[in-house]
Amino acid sequence: MHVGSMEGENMSFPRTIVLLGFSDYPWLEMPLFGVVLVSYILTLIGNSSIIFLSTVEPRVQIPMYFFLGNLSVLDVCVTCAIVPQLLVNLWGPEKTILSWGCITQAYIFHWTGCTECALLAVMAFDRYVAICQPLWYTLIMRPWVCVQLATAAWSSGLANSILQTTLTLQLHHCSHHTLDHFCEVPVLIKLAYGDTTANELSLAIGAISFALMSPLLVLISYTLIVKAVLKLPSADKRYKALITCSSHLVVVIMYFGPAICMYIQPPENSTQAKFMSFFYCVVTPLLNPLIYTRRNKDVKRVWKRILQPQSEVKS
């Protein structure tokens, strides 16, 4: 009878879930609130500016900026899905999230995560063609091809998110609804009551497609790039070729580094996982636009032209 009542009680998704966050460090919550709020505003401004430039400015309407605009859209999506709830939890004593908010976080976070994996691999392929096949670049990376590659990245991420998250929501859930940071599929599976073997197998298959294949494709692309760069006769040309790849390589490391640390560390090391998820959801979307535009003369020139007063232009 106890088991039967337990199963009947766990048929639906919980109405509210407790997000512990940094409640173990109450003295840290207010400083973190200020940092997160400023980072949130700067993230929206920085990524929105990249989206604006890549959409309306002809000088930067090339494949690299097209994919960078897609990356900025992903950063805005994951930031808007995770950070507002984090700000609410840091500001007041209430540490809960409603079921619809948790479900939304799970869908969007999984979608953006898978899409970004695929998009980073596509961007590595773009750099490979630009450096190793420069004469064929405009033919291979035609606008329609770029649109198809971006569409494939977004649609495959969406399909995997719908599959994994929907399967997870069908599980029976325990009466203890407490999460460390935010709602994501692997953590929600751990909250489930009963056999989750099928869900874990499905999640592992999806992870092979995105979390394993994407870094492998990036590694292959950069291996070929390094071989091509070493054959260049001039040291100056080698330096310029490597500089064009440095921004993307830094973003790849910032993306996969915290993600790997979050998922391979033991469960008892939850504090480190919280700070890794904080870095992944707050810091990385803030730094991505800065990394790509810091040394980019085209972007600086365009912004100077846009922001420069008309009187100065005429003079």
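Annotation: Tyr280 is not in aromatic contact with Phe182 [ring centroid separation under 6.0 Å not met]. You'll find the ring centres of His248 and Tyr222 inside the 6.0 Å limit.
Looking only at side-chain heavy atoms (C-beta outward), Leu286 and Val282 stay at 4.5 Å or farther from each other.
Between Cys114 and Gly157, the shortest heavy-atom contact is CB-CA, 3.7 Å. Of all heavy-atom pairs spanning Thr223 and Leu219, the tightest one is OG1-O, 2.7 Å. Contact between Phe67 and Leu119 at its shortest, heavy atoms only, is O-CD2, 3.8 Å.
In this structure, the side chain of Ser247 engages the main chain of Ile291 through a donor-acceptor pair within 3.5 Å. Remark: the backbone N or O of Ala211 is not paired with any side-chain donor or acceptor of Ser214 at under 3.5 angstrom. The backbone N or O of Ala152 sits less than 3.5 Å from a side-chain atom of Ser155, completing a donor-acceptor pair.
Atom OG1 of Thr112 is separated from atom CD1 of Ile82 by 7.5 Å, given to the nearest 0.5 angstrom.
Listed by first and then second residue, the side chain to side chain donor-acceptor pair (under 3.5 Å) pairs that reach into residues 67-87 are Asn47-Ser72, Asn70-Trp154, Asp75-Asn288, Gln85-Asn89, sequence neighbours excluded. Within the structure, the salt bridge (charged side-chain N to carboxylate O under 4.0 Å, His left out) test picks out the following pairs touching residues 232-249 (sequence neighbours left out): Asp236-Lys240. Residues in residues 121-136 take part in these side chain to side chain donor-acceptor pair (under 3.5 Å) pairs, two or more places apart or across chains: Asp126-Tyr137.
Taking the side-chain hydrogen bond (donor to acceptor under 3.5 Å, both in side chains) definition, one finds that Thr138 meets it with nothing, sequence neighbours left out. Trp144 pairs by the side-chain contact (heavy atoms from CB on, under 4.5 Å) definition with Val147, Gln148, not counting sequence neighbours. Evaluation of the side-chain hydrogen bond (donor to acceptor under 3.5 Å, both in side chains) rule for Gln164 yields Asn160, Ser202 as partners, not counting sequence neighbours. Under the side-chain hydrogen bond (donor to acceptor under 3.5 Å, both in side chains) criterion, Glu200 pairs with Thr196, not counting sequence neighbours. With sequence neighbours left out, the ring pair (Phe, Tyr, Trp, His ring centres under 6.0 Å) criterion links Tyr40 to no other residue. Not counting sequence neighbours, Ser209 has no partner by the side-chain contact (heavy atoms from CB on, under 4.5 Å) test.
Side-chain contacts under 4.5 Å among hydrophobic residues (ILVMFWY), followed directly or transitively, place Leu217 with no other residue at all. Through side-chain heavy atoms spaced under 4.5 Å, either directly or across other Ile, Leu, Val, Met, Phe, Trp or Tyr residues, Leu167 is tied to Leu163. By the 4.5 Å side-chain criterion applied to Ile, Leu, Val, Met, Phe, Trp and Tyr, Leu230 is assigned to a cluster that also includes Val226.
Following chains of ILVMFWY side-chain contacts shorter than 4.5 Å, one can reach Ile62 starting from Tyr292, so the two form part of one hydrophobic cluster.
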